[in-house]
Amino acid sequence: MHTDVQLNGPEETEEFLVTEIQARRLQQFLKGRRDHLDLRQTQVAERLDISERAYGNWERGQVKEWTDEKLYALAEALEMSEFQISRLFLYAVGRAPQPDVRAAFRRTESEDPAVAAFLGDYTIMMDALSLPTFVIDQSWNVKMANSAYRDAFRGVRAHPSAMPSRNFLRFGLFHPDAPSILVDHLKWQLAMLAQLSSSLEQHSEDTGLQAIRRDVYLHPTLRDAYLTDMPDWVMGSGADLVHHEAAVRELRHPDPRMGLQGCRLVEETPRSLKALGLTRLTLVLVDIDERDVPDRDTAHIQHAA
């Protein structure tokens with residue numbers, strides 16, 4: 001008489017296979033991420049403050065219950081991007097992350113003197129860089145910027161809500177001076193609208209992002225671009241503003257010695273800033289010859305007043 005455990009029907013067989021596939025995807029994903037960072041299991045375990053054996057079980061998916069706290073700690077230890085965090089949650093628990101839980105998980109007391117001292121030192125370090133660099137929160141509010149960033153946007157006229165020193169997305173979408181700086185402006189705007197959509201997927205309860213979307217909807221041309229043109233553009237481009245580092249857009253610098261520059265937006269956030277819910281972006285500028293730039297359609301999405 002056979003004593004092997006047998007599956008009782010097609011539904012149980014399908015459920016078993018789905019579970020196995022999901023566990024295998026998670027294992028491959030975590031190991032692949034760890035290998036990319038050139039980390040050993042013991043090093044990741046140290047970052048998580050757990051034993052190497054315990055982390056080995058995590059990587060194999062042998063966890064009694066995946067809590068959001070465990071998954072966010074794992075994402076931080078493996079230095080994951082927002083997109084990678086979404087994949088992690090999908091493979092581990094079959095759903096999207098919950099930003100409100102993440103906000104509660106983060107250990108971010110802005111009043112902490114040690115945090116304030118670190119941010120002060122980080123600002124000094126940024127000012128020593130020659131490329132425009134700035135730090136944003138999840139609403140794309142500019143929390144820190146170096147002198148090169150301020151120089152790139154000097155001369156921008158005052159605006160009640162869309163200054164580049166306050167919110168980068170709002171500047172690109174709503175400021176009337178943006179087209180003169182962000183050249184071939186339609187491409188910038190479509191990428192920014194894609195970024196707004198992507199950020200809202202990650203932080204659906206964020207009131208700052210909701211306010212930007214509300215202002216987009218109040219402007220008919222921007223609303224149509226957000227609902228129609230942007231999704232089509234993403235299908236071809238494949239990424240939002242941050243996750244499309246291969247794209248070289250164009251920026252006109254106010255310094256006539258620099259003039260028209262190729263501009264690649266690069267995200268390079270250290271773990272210390274990530275832990276505070278911040279992201280560092282750099283505008284990598286490269287010289288281009290205006291004579292080599294083809295004629296463009298000068299039309300762009302009109303800005304809200």
Side-chain angles (χ1 to χ4, degrees), residues 33 36-37 39 43-44 46-50 67-89 96-129 131-150 163-171 192 195-196 198-212 240-243 245 265-284:
R33 184 62 190 159
H36 176 77
L37 296 171
L39 294 173
Q43 292 173 298
V44 180
E46 288 174 359
R47 292 184 176 189
L48 291 164
D49 197 22
I50 60 176
T67 64
D68 284 28
E69 287 77 11
K70 284 180 181 177
L71 291 172
Y72 279 126
L74 186 55
E76 183 177 351
L78 292 173
E79 303 176 25
M80 293 186 186
S81 67
E82 295 291 349
F83 177 81
Q84 290 164 340
I85 293 172
S86 295
R87 296 295 94 187
L88 173 63
F89 271 75
Q98 299 182 37
D100 53 333
V101 176
R102 185 179 194 183
F105 166 72
R106 282 187 178 126
R107 301 174 294 277
T108 58
E109 291 102 7
S110 59
E111 297 82 7
D112 187 337
V115 172
F118 162 72
L119 293 177
D121 291 343
Y122 199 84
T123 301
I124 295 173
M125 184 276 294
M126 284 174 51
D127 260 333
L129 302 176
L131 291 172
T133 299
F134 59 111
V135 173
I136 58 170
D137 62 14
Q138 68 184 29
S139 302
W140 280 75
N141 295 314
V142 177
K143 311 304 288 186
M144 292 187 284
N146 69 352
S147 57
Y149 177 88
R150 293 189 292 271
M163 294 300 290
S165 59
R166 293 179 59 186
N167 189 290
F168 190 73
L169 283 188
R170 282 192 169 277
F171 168 72
M192 288 180 171
Q195 184 63 58
L196 174 62
S198 175
S199 296
L200 278 165
E201 288 176 3
Q202 300 295 328
H203 311 289
S204 59
E205 301 302 317
D206 187 280
T207 56
L209 294 171
Q210 290 174 352
I212 296 175
D240 52 32
L241 188 64
V242 169
H243 297 109
E245 292 182 346
L265 187 69
V266 176
E267 187 267 327
E268 44 181 9
T269 309
R271 293 178 62 212
S272 48
L273 282 183
K274 261 182 196 172
L276 297 173
L278 301 174
T279 300
R280 176 183 159 192
L281 301 171
T282 297
L283 302 175
V284 179

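Every value quoted in this text rests on a predicted model; they were computed, and no experiment measured them.
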Smallest heavy-atom separation, Ser139 atom then Gly208 atom, equals OG-CA, 4.1 Å

Using side-chain heavy atoms (C-beta onward) and a distance below 4.5 Å, is Asp127 in contact with Arg150?
yes

Separation of Asn167 CG from Asp137 CG (nearest 0.5 Å)
8.0 Å

Could you give me the CA-CA distance, side-chain angles and deciding distance for Asn141 and Ile136, then say whether side chain to side chain contact (heavy atoms under 4.5 Å, CB included) is met?
CA-CA 5 Å; Asn141 295 314; Ile136 58 170; over 6 Å; no

Which atom of Arg280 lies closest to which atom of Thr269, heavy atoms considered
N-OG1, 2.9 Å

Min side-chain heavy-atom separation Phe171-Val142 under 4.5 Å:
no

With sequence neighbours left out, write down each residue that passes side chain to side chain contact (heavy atoms under 4.5 Å, CB included) with Gln43, or none if nothing qualifies.
Leu39, Arg40

From CG (Leu74) to CG (Leu71), nearest 0.5 Å
6.5 Å

If I take atom CZ from residue Phe168 and atom CE from residue Met192, how far apart are they, to the nearest 0.5 angstrom?
4.0 Å

Partners of Ala96 by side chain to side chain contact (heavy atoms under 4.5 Å, CB included), sequence neighbours excluded?
none

Would you say that Glu76 contacts Tyr72 through its side chain, given a criterion of any heavy-atom pair below 4.5 Å between the two side chains?
no

What closest approach, in Å, do Leu129 and Asn146 show between heavy atoms, and which atom pair accounts for it?
O-ND2, 3.5 Å

Give, for atom CZ of Phe134 and atom OG1 of Thr279, the distance between the pair rounded to the nearest 0.5 Å.
10.0 Å

So which atom in Gln210 and which in Ser204 form the shortest heavy-atom distance, rounded to 0.1 Å?
NE2-O, 2.8 Å

What's the separation between atom CG in Leu209 and atom CG in Leu169, rounded to the nearest 0.5 Å?
7.5 Å

Exercise: identify the closest heavy-atom pair between Arg33 and Leu78
NE-O, 2.8 Å

Interatomic distance, OG@Ser165 vs OH@Tyr149, rounded to 0.5 Å, equals 7.0 Å

Polar side chain donor-acceptor pair, Gln138 to Ser199, under 3.5 angstrom:
no

